[in-house]
Protein chains: 2
Amino acid sequence: MHIKARTRTSPDTAGPARHSAAGTPKRAAHSGCAGCLARPLAVCASIPATETQALEAVAGEVLLPAGATLAHEGDARREVYTVTRGMLRRVRLLPDGRRLVAGFLMVGDFIGFSGAPHYRHTLEAVTDCVLCVFPMQSMRSLCQRYPDLESGLLAQACSELDATRGSLMLLARLGPSERLAGFLVELAERQRRRGAPAGQVDLPMTRADIADHLGLTIETVSRSFTKLRQSGAVAFTDPHRIDLVDVPALRASAGL
Amino acid sequence: MHIKARTRTSPDTAGPARHSAAGTPKRAAHSGCAGCLARPLAVCASIPATETQALEAVAGEVLLPAGATLAHEGDARREVYTVTRGMLRRVRLLPDGRRLVAGFLMVGDFIGFSGAPHYRHTLEAVTDCVLCVFPMQSMRSLCQRYPDLESGLLAQACSELDATRGSLMLLARLGPSERLAGFLVELAERQRRRGAPAGQVDLPMTRADIADHLGLTIETVSRSFTKLRQSGAVAFTDPHRIDLVDVPALRASAGL
DNA sequence: CGTCCGTTTGATCTGTGTCAATCGCTGTGG
DNA sequence: CCACAGCGATTGACACAGATCAAACGGACG
């Protein structure tokens with residue numbers, strides 16, 4: 001096997017101050033569903049606007065500065081979340097330091113689709129984030145009271161399954177540039193659904209995050225970017241702002 | 001990129017007789033939930049035993065000989081299924097013939113967790129199979145009538161998400177032998193939950209299926225098997241019947 | 001007995017990981 | 001204001017794990 005740990009976050013010397021450098025999460029009172037940007041995108045939409053006080057009654061808010069950790073792999077799961085602002089990454093670390101970014105979470109995404117009693121991934125803020133928190137128990141009773149909420153959760157779980165299965169194809173059978181193309185197209189699509197202009201992608205995460213998401217190295221990701229640029233499929237000056245010039249070509253090369 | 005098509009099923013010359021060689025599915029009347037081996041494992045368990053007639057009323061049965069296709073990628077999704085006997089594979093093909101086996105479905109597994117209106121994978125029988133069929137519409141009304149059914153579906157969707165995310169780590173960051181180890185322990189675990197003796201795995205699928213599931217070639221899968229055998233982690237004479245000699249070692253090498 | 005197919009094993013080739021150097025931007029201190 | 005340190009991104013040279021090519025083996029079936 002290749003792929004050994006390098007620039008990796010060192011194999012977690014499980015000391016006291018686990019929230020490494022960056023800031024720490026801050027709790028706050030819930031600021032109300034009325035003006036929430038995520039509501040139309042999130043499962044909360046399954047609860048009628050006239051009944052949002054049922055949500056607000058049990059919800060809290062979490063402010064998460066970029067780089068901070070929301071939850072650690074292995075921690076007991078007691079709460080579920082909806083992302084209200086910003087982007088997070090779902091990270092898993094192997095003992096030898098190899099890192100996987102299992103996915104990126106964006107506004108409206110629900111965190112809590114798991115049967116496991118403990119987190120299976122560490123959740124880290126890529127940018128400054130705001131999240132809605134619900135105790136799992138409250139979420140369960142809300143589901144009983146509003147069956148539509150449970151349907152909504154099921155629907156969102158299904159679409160997350162679809163997306164995750166899509167990643168399987170990327171990782172198992174596509175080459176580096178194809179993976180990157182697929183990643184960019186999918187991210188652009190998610191951002192477009194959130195109101196961003198089509199044909200552009202924001203990449204707040206680092207190349208290392210992308211590499212660990214696509215099963216590549218930083219260098220290969222970088223080379224793949226230049227390759228896509230040279231082929232005219234994408235364009236960019238800022239490495240975190242990509243223009244998708246030839247979406248059909250990108251889609252085709254990712255097998256879509 | 002490497003990984004080009006070779007032994008692959010030829011890029012689907014979308015002719016009329018798409019159900020290639022093997023047999024074709026046969027429909028039958030539902031044979032009753034009472035003696036169903038899958039019931040305790042499947043979501044059907046969410047409906048009380050006294051009410052199974054509600055299921056039987058809308059369910060049908062499908063008999064699927066090994067090699068036959070249940071549904072094709074791209075077909076409209078009109079039904080959902082529960083596997084009652086046998087094993088299926090979930091396959092996706094790229095235009096150039098590269099193949100992905102996104103997963104294997106076993107007794108009790110539910111087929112129908114997707115938000116898409118069309119199948120995103122072809123479903124093929126690895127062994128002779130029997131499935132319970134439900135029109136999607138009937139499933140929806142059953143969910144309304146039995147909220148526990150929807151909870152059960154959500155729970156199963158979550159555990160499928162957990163499993164799929166586990167595959168991400170295998171594919172993105174583990175070497176061939178590690179992937180194989182992870183695959184074997186996970187399969188053993190699923191079979192154990194279904195009553196099989198621990199420490200053994202049945203592999204009805206071919207090496208090609210395993211390779212396309214793990215993002216490898218047949219040859220590398222074979223070599224990884226011999227490596228695991230030489231290291232004493234597994235033992236076998238029949239290539240389709242593996243003894244897991246050192247489960248802790250297997251789990252460790254897969255990062256579990 | 002011979003063909004077929006899946007599996008295993010061996011030899012070679014190549015893409016991508018590894019090692020290393022440079023570039024560019026940001027923030028800090030003199 | 002400029003010099004410098006630090007970090008992320010990019011580019012280049014090289015090595016090796018795993019893909020490719022090739023052949024042999026073994027069981028199933030006619």
Side-chain angles (χ1 to χ4, degrees), chain A residues 1-9 20-22 66-67 96-101 126-127 170-180 203-212 214-230 234-242, chain B residues 1-9 20-22 66-67 89 96-99 101 126-127 170-180 203-230 234-242 253:
Chain A
M1 200 250 336
H2 255 181
I3 323 163
K4 280 294 177 196
R6 277 193 304 154
T7 306
R8 311 285 177 252
T9 43
S20 48
D96 64 5
R98 279 176 283 178
R99 194 177 82 133
L100 171 76
V101 174
V126 174
T127 65
L170 290 198
L171 292 171
R173 284 293 176 231
L174 298 191
S177 303
E178 298 171 323
R179 294 186 200 187
L180 186 55
L203 297 175
M205 71 291 287
T206 64
R207 296 291 191 254
D209 287 336
I210 299 174
D212 289 338
L214 298 178
L216 303 169
T217 59
I218 310 176
E219 296 91 330
T220 303
V221 168
S222 191
R223 283 186 247 273
S224 302
F225 266 117
T226 41
K227 208 179 288 185
L228 288 183
R229 188 170 36 183
Q230 286 169 347
V234 308
F236 63 92
T237 45
D238 178 348
H240 295 283
R241 184 106 202 144
I242 313 289
Chain B
M1 204 248 330
H2 253 181
I3 322 165
K4 281 293 177 199
R6 276 193 306 154
T7 306
R8 312 284 178 253
T9 42
S20 49
R89 58 177 170 256
D96 63 5
R98 278 176 283 178
R99 194 178 81 133
V101 173
V126 173
T127 66
L170 291 198
L171 292 171
R173 285 292 176 231
L174 299 192
S177 304
E178 298 171 322
R179 294 186 201 187
L180 186 56
L203 297 174
M205 72 291 287
T206 65
R207 296 292 191 255
D209 287 336
I210 299 174
D212 289 338
H213 181 55
L214 298 178
L216 303 169
T217 59
I218 310 175
E219 295 91 331
T220 302
V221 169
S222 191
R223 284 186 245 273
S224 303
F225 266 118
T226 42
K227 208 178 289 186
L228 288 182
R229 188 170 36 183
Q230 287 169 347
V234 307
F236 63 94
T237 45
D238 178 347
H240 295 283
R241 183 105 202 144
I242 313 288
S253 85

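Residue numbering restarts at 1 for every chain, and letters A, B, ... go by the order of the sequence lines.
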What nitrogen or oxygen pairs link the protein and nucleotides 12-14 of chain D at under 3.5 Å?
from	atom 1	to	atom 2	distance (Å)
dG12(D)	N7	Arg223(A)	NH1	2.9
dG12(D)	O6	Arg223(A)	NH2	3.2

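- Applying the side chain to side chain contact (heavy atoms under 4.5 Å, CB included) rule to Pro204(A) yields the partners Met87(A), Val126(A), Thr127(A), Asp202(A); only residues at least two apart in sequence or on another chain are considered.
- Between the CG atom of Leu174(B) and the P atom of dG17(C) there is a distance of 14 Å, given to the nearest Å.
- Put simply, CG on Asp238(A) is 11 Å from C1' on dA9(D), counting in whole angstrom units.
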Intermediate values then yes/no, side-chain contact (heavy atoms from CB on, under 4.5 Å), Phe236(B) and Leu203(B): CA-CA 11 Å; Phe236(B) 63 94; Leu203(B) 297 174; over 6 Å; no

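- Rounding to whole angstrom units, CG of residue Asp209(A) and P of dA9(D) are separated by 9 Å.
- At dG6(C), none of the side-chain N or O atoms of His240(B) fall inside 4.0 Å of OP1 or OP2 (strictly under the cut-off).
- Taking every side-chain heavy atom of Thr217(B) into account, dT20(D) is the closest of dT20(D), dA9(D), dT16(C).
- Taking atom CG on Leu214(A) and atom C1' on dG17(C), their separation rounds to 15 Å, with Å as the unit.
- Separating the CZ atom of Phe225(A) from the P atom of dC23(C) is a distance of 22 Å, rounded to the nearest angstrom.
- The distance from atom CZ of Arg98(A) to atom C1' of dT18(C) is 15 Å, rounded to the nearest whole Å.
- Remark: Ala235(B) pairs with Asp243(B), Val245(B) by the side chain to side chain contact (heavy atoms under 4.5 Å, CB included) rule, at least two apart or across chains.
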Determine, step by step, whether Arg179(A) and Val221(A) satisfy the side-chain contact (heavy atoms from CB on, under 4.5 Å) criterion, reporting the C-alpha distance in whole Å, the side-chain angles of both residues, the deciding distance to 0.1 Å, and the verdict. CA-CA 9 Å; Arg179(A) 294 186 200 187; Val221(A) 168; over 6 Å; no

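- If you check every strand for non-hydrogen atoms under 4.0 Å, Thr206(A) touches sugar and phosphate atoms only.
- When the nucleotides dT16(C), dA9(D), dT8(C) are ranked by their closest atom to the side chain of Ile218(B), dT8(C) comes out on top.
- Both Thr220(A) and Pro239(B) lie near DNA chain C, and the one whose nearest nucleotide falls closer to the 5' end is Pro239(B).
- In this entry the distance linking CZ of Phe236(A) with P of dC25(C) reads 14 Å, nearest Å.
- Looking only at side-chain heavy atoms (C-beta outward), Pro176(B) and Arg223(B) stay at 4.5 Å or farther from each other.
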Does Arg99(B) form a side-chain contact (heavy atoms from CB on, under 4.5 Å) with Asp209(B)? I'd like the steps, not just the answer. CA-CA 9 Å; Arg99(B) 194 178 81 133; Asp209(B) 287 336; 2.5 Å; yes

Worked check of side-chain contact (heavy atoms from CB on, under 4.5 Å) between Leu180(A) and Ile210(A): CA-CA 8 Å; Leu180(A) 186 55; Ile210(A) 299 174; 4.1 Å; yes

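- Distance Leu203(B) CG to dG6(C) C1': 14 Å, rounded to the nearest Å.
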